[in-house]
Amino acid sequence: MFPKTLSCFCCLALSATFTPAQEPTQNSEVLTGTWHCQFESQFGLQTYHFHIAINDAGDATLKGEVDARDEERKVDFVDVNVDKDSISFAEVLQFGEREFRIEYNGELKGKSLAITRSFGQRGGQDSLATRDLPKPPPKEDPAPVVDVKIDRVVRNAFKNSFLVGMAGDLPSRYSEKELELAAEHFAAITPENCMKPERVHPSENRWDFERTDALVQWAQKNEMTIHGHTLVWHAQTPDWFFDGRDPEKIKRRMKEHIDTLAGRYKGKLQSWDVVNEAIDDGGDSETAKTENLRNSNWLQTLGPGFLTLAFKFAREADPDAVLYYNDYNIESGPKHASSMVLLKRLIDDGAPIDAVGIQGHWRSGRVPFEDIEKAITDYASLGLKVSITELDVTIRGESGGQFGRRRFRSSAPPSVEDLNTQAEDYAKLFAIFKKHEDAIERITFWGLNDRRTWRWGQHPLLFDSNNNPKPAYASIVALTGKDNSEEVPESPKKVEIEDGGQGPYSAIVTESPTLAGMTIYRPDDLAAFGNEQKLPVLLWGNGACANTTEEHKNFLNEIASHGYIVLGIGPLDQLKQRDESSRQRTNASQLIAALDWIIAQNTKDDSLYFGKIDTTKVAAMGMSCGGLQAIEISGDPRITTTVVCNSGVLPGLSPMPAMPNLTKEDLKNFHAPVLYIMGGPSDIAYKNAMDDFSRVEHVPLVMTNLDVGHGGTYRRPHGGEYSPVAIAWLDWQLKEKQDAAKMFVGENSQLANDDAWTIETKNFDE
Ligand code: XIL
């Protein structure tokens with residue numbers, strides 16, 4: 001008896017999983033009633049409440065409610081089937097003209113119902129439904145708070161370049177704090193949803209202007225420009241537009257829609273996204289030659305002429321509004337090519353189109369910078385203005401603009417490194433936008449903060465969900481002067497180091513209110529510079545890519561005293577007293593921004609630097625991590641030489657997130673002579689530098705080593721032994737002093753004769 005009972009015990013323990021199929025009725029009963037579960041979705045966390053009813057005949061019905069971030073809705077699930085201990089059903093969602101079907105399968109697992117749902121071809125999403133209500137969704141976004149100091153608001157920082165805006169259906173449902181934030185930081189607003197056809201014009205004879213009127217009123221009160229979004233689109237457009245599928249009727253409905261909506265706000269909106277997302281996704285080299293239009297109801301019923309029509313109707317309804325074609329992913333690949341074909345056709349057709357909106361839904365670490373820059377110039381070459389209309393750079397999960405086609409990955413809090421990488425991406429983007437400010441009208445973020453975003457959980461915007469500015473905010477305003485609408489005099493703050501250095505010009509360290517976050521080393525008395533001799537420029541990145549030149553101050557000061565202007569990363573106040581912010585991540589793009597700045601100063605007759613800078617002589621220079629920043633910017637045609645100190649490109653990915661992620665391919669950036677100043681075999685960068693040296697064949701290279709290790713001699717008096725070597729190189733390369741070359745070239749070069757140093761040169765013409 002005993003052994004039998006024992007084995008039975010085992011069976012019992014497993015029975016919940018293996019045996020209930022024998023008792024179907026009982027399980028139907030077990031299934032009946034209310035279950036709750038949660039899914040992550042593109043709209044944020046969704047809580048489902050399922051109510052299952054099964055009648056005596058075994059027929060099941062299933063109703064439910066969904067609580068999502070900004071809505072609650074009721075659902076009648078369809079195709080409900082109960083089979084023993086499992087249940088399957090479907091949810092049908094209507095997005096504009098399209099229907100989406102989500103399939104659900106539930107299986108009893110003990111006291112829970114394990115539910116898998118799937119959507120189209122994509123893999124399943126699992127959730128355990130229980131009888132208990134799940135915890136409410138987290139109120140606080142778990143992003144770490146980084147102490148980011150901002151001294152200017154972004155709308156002012158770029159006010160001479162372009163508008164900076166945001167999207168949102170303000171003011172209803174926004175807190176006072178959020179409304180203040182929006183009005184303080186942004187100069188433009190795009191209604192995120194309330195002007196879309198399904199919201200404002202839900203049926204042919206029904207308009208709902210409550211929210212749109214409120215938005216327009218609120219924006220006007222806060223002196224923000226308003227940008228209408230969107231008139232003609234395949235999504236969020238009700239089916240009634242296409243009822244009957246009679247082209248004449250549909251044309252009339254389109255005209256009435258545009259007349260009424262654009263007409264109502266005539267003169268109040270600065271622009272309209274007239275047609276949204278008309279080009280199909282994907283594409284290949286064949287479709288790239290065509291417009292590759294999306295097979296939407298508009299195309300099906302009106303043909304490709306629907307775009308020109310829409311633009312004409314919009315122009316008639318509001319003659320002064322800037323009219324946009326708006327789309328996502330049009331900056332890259334075949335879709336970009338198709339966009340060019342389409343835009344040319346619209347222009348040829350006489351469609352009154354003024355501008356292109358690149359939506360700009362990108363993902364941190366994968367932003368297609370080069371494509372973006374090229375797309376801006378391509379569109380400008382057609383005579384069109386360009387805006388980035390829906391900018392967000394997600395930290396986690398996929399990005400892309402596809403409506404209803406994202407796979408949401410559960411949110412994990414970003415690390416400080418993630419936030420810094422995002423800041424770097426934003427800085428690079430804004431450096432591109434600023435460079436093309438003549439073509440660009442507006443940069444609009446798609447949302448206000450990391451709570452008010454369709455990418456909730458992916459931390460895509462400038463403010464976290466508690467309205468604190470993120471590193472991204474600081475990184476973009478750092479690209480601009482304090483207030484670029486007025487000339488601000490050079491700050492009187494001057495620091496003297498080592499009695500001004502040993503060179504012929506007593507040096508000082510200073511800053512400029514128009515060059516935020518950078519330290520300037522230069523001769524104190526600039527009177528000596530102008531016609532006869534000018535100051536070459538040195539762009540400097542620090543060890544550890546730190547946000548201060550403190551470690552290198554003796555060295556940089558010494559160089560400046562020999563007649564150079566050094567623009568080094570980091571604010572002046574970190575020079576004497578380093579605090580936490582000296583560890584704030586820096587970007588190579590700051591060096592480029594500094595170069596742009598000094599070039600501009602040289603042309604402004606009220607600038608201290610007017611006519612005193614040799615802007616054709618520029619060294620990219622830096623130590624360790626900063627050496628990589630120097631390599632990173634070496635492709636800029638304005639760079640005359642690169643000096644890499646205690647650094648070399650790593651063979652693999654950077655171990656430190658703060659480091660620029662370069663590969664040996666980036667050595668191709670060099671287009672002018674390069675000097676390496678290294679610390680000998682004990683320098684941790686030695687191997688990498690020697691490997692760089694062995695690879696580069698296309699520009700003259702000099703490799704020098706002094707056996708001092710990775711730390712170099714920067715902290716020694718006047719920068720130690722590295723200073724005369726660096727100065728000789730700069731004198732040779734930037735001041736064309738042939739004498740200075742003797743330090744490096746010829747069998748009898750100074751360094752070859754110096755026992756402490758080793759030197760190798762290559763690719764010099766004999
Ligand atoms: C999005 C909104 O942000 C969401 O709140 C809404 O649920 C769906 O639409 N491209 C567009 C925008 O042109 O209208 C979309 O906005 C994002 C993609």
Side-chain angles (χ1 to χ4, degrees), residues 149 151-152 474 478 481-482 487-529 535-584 586 590-591 593-595 597-598 601-602 607-610 612-613 619 621-623 626 629 643 645 711-720 722-724 726-727 730:
K149 295 184 195 123
D151 55 357
R152 274 150 308 146
K482 270 228 166 87
E487 289 311 322
V488 190
E490 174 81 354
S491 143
K493 218 193 264 173
K494 290 179 180 179
V495 179
E496 200 187 77
I497 289 173
E498 295 191 307
D499 296 329
Q502 305 178 114
Y505 312 98
S506 184
I508 49 138
V509 195
T510 184
E511 63 185 349
S512 167
T514 59
L515 181 63
M518 300 290 288
T519 301
I520 302 170
Y521 295 76
R522 62 161 171 86
D524 187 13
D525 183 4
L526 292 173
F529 301 92
L535 293 167
V537 181
L538 216 135
L539 307 169
W540 176 262
N542 305 294
C545 291
N547 196 30
T548 173
T549 54
E550 194 271 331
E551 197 178 318
H552 314 289
K553 62 186 173 193
N554 293 359
F555 176 70
L556 298 176
N557 187 64
E558 187 63 19
I559 294 174
S561 78
H562 284 79
Y564 292 90
I565 180 162
V566 181
L567 308 175
I569 291 181
L572 183 64
D573 67 4
Q574 294 298 310
L575 203 59
K576 279 194 189 143
Q577 186 88 52
R578 288 176 74 143
D579 67 22
E580 262 306 290
S581 79
S582 71
R583 287 153 53 136
Q584 199 167 302
T586 64
Q590 290 175 262
L591 299 175
L595 178 56
W597 175 84
I598 193 70
Q601 293 299 307
N602 192 49
S607 165
L608 208 61
Y609 300 107
F610 177 57
K612 294 182 186 294
I613 309 296
M621 193 163 169
M623 187 255 173
Q629 292 180 325
V643 182
C645 304
T713 68
Y714 313 94
R715 283 184 182 284
R716 296 183 186 176
H718 305 293
Y722 277 18
S723 294
I727 292 163
L730 298 169

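As a basis for the values below, the full set of heavy atoms in this structure was taken, side chains included, without hydrogen atoms, waters or symmetry mates.
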Q: Testing the basics here: between Gly563 and Phe529, what is the closest heavy-atom pair and its distance to 0.1 Å?
A: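 Heavy atoms of Gly563 and Phe529 come nearest at CA-CZ, 4.3 Å.
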
Q: Roughly how far, to the nearest 0.5 Å, is the OG atom of Ser506 from the CD atom of Glu496?
A: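 If I round to the nearest 0.5 Å, the distance is 5.5 Å.
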
Q: When you compare the side chains of Thr586 and Gln629, does any donor N or O come within less than 3.5 Å of an acceptor on the partner?
A: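 A pair is found: one side chain offers a donor N or O, the other an acceptor, under 3.5 Å apart.
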
Q: If you look at every heavy atom in Ala560 and Ala507, which pair is closest and at what distance?
A: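 That would be CB-CB, 4.0 Å.
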
Q: Is there a donor-acceptor contact under 3.5 Å linking the side chains of Gln502 and Glu558?
A: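 There is such a pair (donor and acceptor under 3.5 Å, judged by atom type) between the side chains of Gln502 and Glu558.
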
Q: Can you tell me how far the OG1 atom of Thr519 sits from the CG atom of Leu572, to the nearest 0.5 Å?
A: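 It comes to 5.5 Å.
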
Q: To the nearest 0.5 Å, how far apart are CG in Leu575 and CD in Glu550?
A: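 Leu575 CG to Glu550 CD: 6.5 Å, rounded to 0.5 Å.
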
Q: Less than 4.5 Å apart, side chain to side chain, heavy atoms only: is that true for Met623 and Trp540?
A: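 In contact.
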
Q: Would you tell me whether Ser512 and Tyr609 have side-chain atoms, one donor and one acceptor, within less than 3.5 Å of each other?
A: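 No, no side-chain donor-acceptor pair sits under 3.5 Å.
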
Q: Kindly indicate whether the side chain of His718, heavy atoms from C-beta on, has any atom under 4.5 Å from the side chain of Asn557.
A: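 No, too far: nothing below the 4.5 Å cut-off.
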
Q: Where do Ser561 and Gly500 come nearest, in terms of heavy atoms and distance?
A: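 Reported closest heavy-atom pair: CB-O, 3.3 Å.
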
Q: Is it the case that the side chain of Asn554 and the backbone of Gly720 share a donor-acceptor pair, with hydrogens and angles ignored and the cut-off at 3.5 Å?
A: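 Not at all, since once roles are kept as given, no pair shorter than 3.5 Å links the two residues.
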
Q: For the residue pair Pro571 and Asn547, establish whether any side-chain heavy-atom pair is separated by less than 4.5 Å.
A: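 When only atoms from C-beta onward are counted, Asn547 and Pro571 do touch, with a gap below 4.5 Å.
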
Q: Rounded to the nearest 0.5 Å, what separation is found between the CZ atom of Arg715 and the NE2 atom of His552?
A: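 So the CZ of Arg715 and the NE2 of His552 are separated by 8.0 Å.
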
Q: Taking C-beta and beyond as the side chain, do Leu538 and Val643 meet within less than 4.5 Å on heavy atoms?
A: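 Of all side-chain heavy-atom pairs linking Val643 with Leu538, none is under 4.5 Å.
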
Q: In Å and rounded to the nearest 0.5 Å, what is the CG to CZ distance from Asn602 to Phe610?
A: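 Asn602 atom CG to Phe610 atom CZ measures 8.0 Å (nearest 0.5 Å).
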
Q: Residues in salt bridge (Lys or Arg N to Asp or Glu O under 4.0 Å) with Glu551, at least two apart?
A: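 Checked Glu551 against salt bridge (Lys or Arg N to Asp or Glu O under 4.0 Å); zero matches.
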
Q: Give the minimum heavy-atom separation between Pro717 and Glu498, together with the two atoms involved.
A: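 In this case the closest contact between Pro717 and Glu498 is CA-OE2, 3.3 Å.
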
Q: Could you tell me if the side chain of Leu567 sits less than 4.5 Å from the side chain of Leu595, heavy atoms only?
A: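 Not touching, per the 4.5 Å side-chain cut-off.
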
Q: Tell me, with the steps shown, if Met621 and Ile559 meet side-chain contact (heavy atoms from CB on, under 4.5 Å).
A: CA-CA 12 Å; Met621 193 163 169; Ile559 294 174; 4.1 Å; yes

Q: Please state whether the rings of Phe555 and Tyr722 are parallel, tilted or perpendicular, taking 30° and 60° as the class boundaries.
A: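 Because their plane-to-plane angle is over 60°, the rings of Phe555 and Tyr722 count as perpendicular.
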
Q: Side-chain contact, heavy-atom cut-off 4.5 Å: Gln601 with Ile565?
A: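 Contact flag for Gln601/Ile565 side chains = no.
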
Q: Compare all side-chain heavy atoms of Ile508 with those of Arg522 and state whether any distance is below 4.5 angstrom.
A: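 A side-chain contact exists here, since the closest heavy-atom pair is under 4.5 Å.
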
Q: Are Val566 and Thr549 close enough that some pair of their side-chain heavy atoms sits under 4.5 Å apart?
A: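 Val566 does not reach Thr549 side chain to side chain.
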
Q: Assess the residue pair Leu556 and Val509 against the criterion (side-chain contact (heavy atoms from CB on, under 4.5 Å)); give the C-alpha distance rounded to whole Å, side-chain angles, the decisive distance to 0.1 Å, and a yes or no.
A: CA-CA 9 Å; Leu556 298 176; Val509 195; over 6 Å; no

Q: In Å and rounded to the nearest 0.5 Å, what is the CG to NZ distance from Leu526 to Lys612?
A: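 Spacing of CG (Leu526) from NZ (Lys612) equals 6.0 Å.
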
Q: Provide the closest heavy-atom pair for Leu730 versus Ala619 in the form atom of the first, atom of the second, distance.
A: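 Heavy atoms of Leu730 and Ala619 come nearest at CD2-CB, 3.8 Å.
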
